[in-house]
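Below, read A as the first sequence line, B as the second, and so on, with proteins coming before strands; counting in each chain starts at 1.
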There are 2 protein chains.
Amino acid sequence: MLNLSKAICVMARTKDFDENEVLARAVDLFWLKGYNSTSMQDLVDGLGISRSSLYDTYGDKHSLFIKALECYQSRASGKLCQIGNKTLPAKEVIKELLEFITGELLQDQKHKGCFLVNAEVEVAPHDEEVSQMICKNGQQIEEAFYKVIKKGQDNDEITNKQDASALARFIINTVKGIQVTAKSTNDKAIFDDIIKLAMSVLD
Amino acid sequence: MLNLSKAICVMARTKDFDENEVLARAVDLFWLKGYNSTSMQDLVDGLGISRSSLYDTYGDKHSLFIKALECYQSRASGKLCQIGNKTLPAKEVIKELLEFITGELLQDQKHKGCFLVNAEVEVAPHDEEVSQMICKNGQQIEEAFYKVIKKGQDNDEITNKQDASALARFIINTVKGIQVTAKSTNDKAIFDDIIKLAMSVLD
DNA sequence: TTTATTTCGGAATGATTGGTCCGGAATGAA
DNA sequence: TTCATTCCGGACCAATCATTCCGAAATAAA
């Protein structure tokens, strides 16, 4: 209704803020503290817009969380695709991905981990919408890893003794583990050990 | 102060409930909904004791959470030791552990995952006490896996090409990944793939 | 400039939060 | 039975929660 009149009729006052810029800030807040312990007051303070602008623009807390998760997701998969599309041997691509991810995790003093993993643990089991987002995202990531691995197998860069989709699932699982472990440690040696051994499965 | 007088002087009315039994129920509640979205009211309702009994016996919410986490931890490590102490080839022990853990995860319709992992993700980054519990527990588990693996290496059941502590870290990381993945799926095939490949690192 | 419309700051909402308190019931020791 | 002590149901508290609402300011089209 409102959107209809908005589209047909005149535009009045314009927003004082950039919608995406503020959403990016919401990502950071939810990412840092999670869904339940980020209050609307935290958001009002952190986003720099008023309560009513917040509700007018993004709907209620839950719908803002969904938007933030979507924003993070597309940002993250963008970065991963960037590495995935490099013209490198498949094994190098996987290794670079793992090292990129752990590098980012270790760099973060706040131990935010991965927003998607955090959401998967904290909210997915009680929230059908989030759960489905996570699942869909998981399938996309599995597909992306599968392609890289399959190509590697065709070029004999990666072992053909194992199923490509099993290898994809295994690598993704390793990443998830790393993202949890990073929540309470920043000992690089641990991650180096894990990556080295996970990579050995591809041989 | 209170404990002192309690020890020296007479005992009066006894508690109407079993302290450990109620604590076990608290574990289930926190395990299911996490710290932040389990309210004291939820606990009062779920534990079946009154608000004042709750505070008298376990202190405030945070201290009850710590006690619940400790309870879960000792229960879990008990079960793991039970398997770890079996007189089986080391590789079989690891495999049985992985299968036991995934079996329990898959059996749980509520997708509670692992309480320790949930806490590591949800609370550890903002809670020094929980963070240290998680770290200490992680070291103990690493030590336990290390021993099993080391023994396996000495018997040539497990590859000597890799460092035993690296292998321990790797296996634990795989378990953590599985515990996250189980939060939003119960497709056994995924876990079978992961376990098979993780086990292959020990060859 | 007028007018219709939107934005937005901040007050106000009722519900829920974690935590305290009181008074009667229960209970072990004397 | 008395008495000192503890237990516990439930009322109560201030603070915080997510959300709504109102009126003034802003703005694009007429």
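What separates CD of B:Q41 from C1' of D:dT16 is a distance of 16 Å, to the nearest Å. Atom P of nucleotide C:dG19 and atom CZ of B:F65 are separated by 14 Å, given to the nearest angstrom. Atom NZ in A:K15 sits roughly 14 Å away from atom P in D:dT27 (whole-Å rounding). Atom P of nucleotide D:dG10 and atom CG of B:L43 are separated by 17 Å, given to the nearest angstrom.
For residues 165-181 of chain A, the salt bridge (Lys or Arg N to Asp or Glu O under 4.0 Å) pairs, not counting sequence neighbours, are A:E120-A:K176, A:E142-A:R169, A:R169-B:D193. Pairs engaging residues 42-66 of chain B under the salt bridge (Lys or Arg N to Asp or Glu O under 4.0 Å) rule: B:K33-B:D42 [sequence neighbours left out].
For the residue pair A:T185/A:D187, the side-chain donor-acceptor check at 3.5 Å is not satisfied. In summary, the side chains of B:E128 and B:Q132 do present a donor paired with an acceptor at a separation below 3.5 Å, with no hydrogens or angles considered. B:K15 and B:S53 are not linked by any side-chain donor-acceptor pair at a separation below 3.5 angstrom, with hydrogens and angles left out of the test.
A:K112 and A:D28 are not joined by a salt bridge, as no carboxylate oxygen comes within less than 4.0 angstrom of a charged side-chain nitrogen.
Relative orientation of the A:Y35 and A:H62 rings is perpendicular, given thresholds of 30° and 60° on the angle between their planes.
The minimum heavy-atom distance linking A:N173 with B:T174 is given by the pair ND2-O, 3.1 Å. Heavy-atom minimum distance, A:A26 versus A:L64: CB-CD1, 4.1 Å.
Overall bending of the helix from C:dT1-D:dA30 to C:dA30-D:dT1, expressed as the angle between end axes built from five pairs apiece, is 10° (10° steps).
Of the residues in residues 47-63 of chain A, those with a non-hydrogen atom less than 4.0 angstrom from any atom of DNA chain D are A:R51, A:S52, A:Y55, A:D60, A:K61. Near-neighbour residues of DNA chain C inside residues 125-134 of chain B, defined by a heavy atom below 4.0 Å, are absent. Scanning residues 22-39 of chain B for heavy-atom distances under 4.0 Å to DNA chain D yields an empty list.
For A:F115 and A:F65, the distance between ring centers is under 6.0 angstrom.
Within the model, atoms CD1 of B:I158 and CE of B:M199 stand 7.5 Å from one another, a figure rounded to the nearest 0.5 Å.
When the shell of 6.0 Å around NZ of A:K67 is examined, it contains more than 12 heavy atoms from other residues, nucleotides or ligands. Remark: B:K196 NZ is loosely packed, at most 12 non-hydrogen atoms of other residues, nucleotides or ligands lying under 6.0 Å away.
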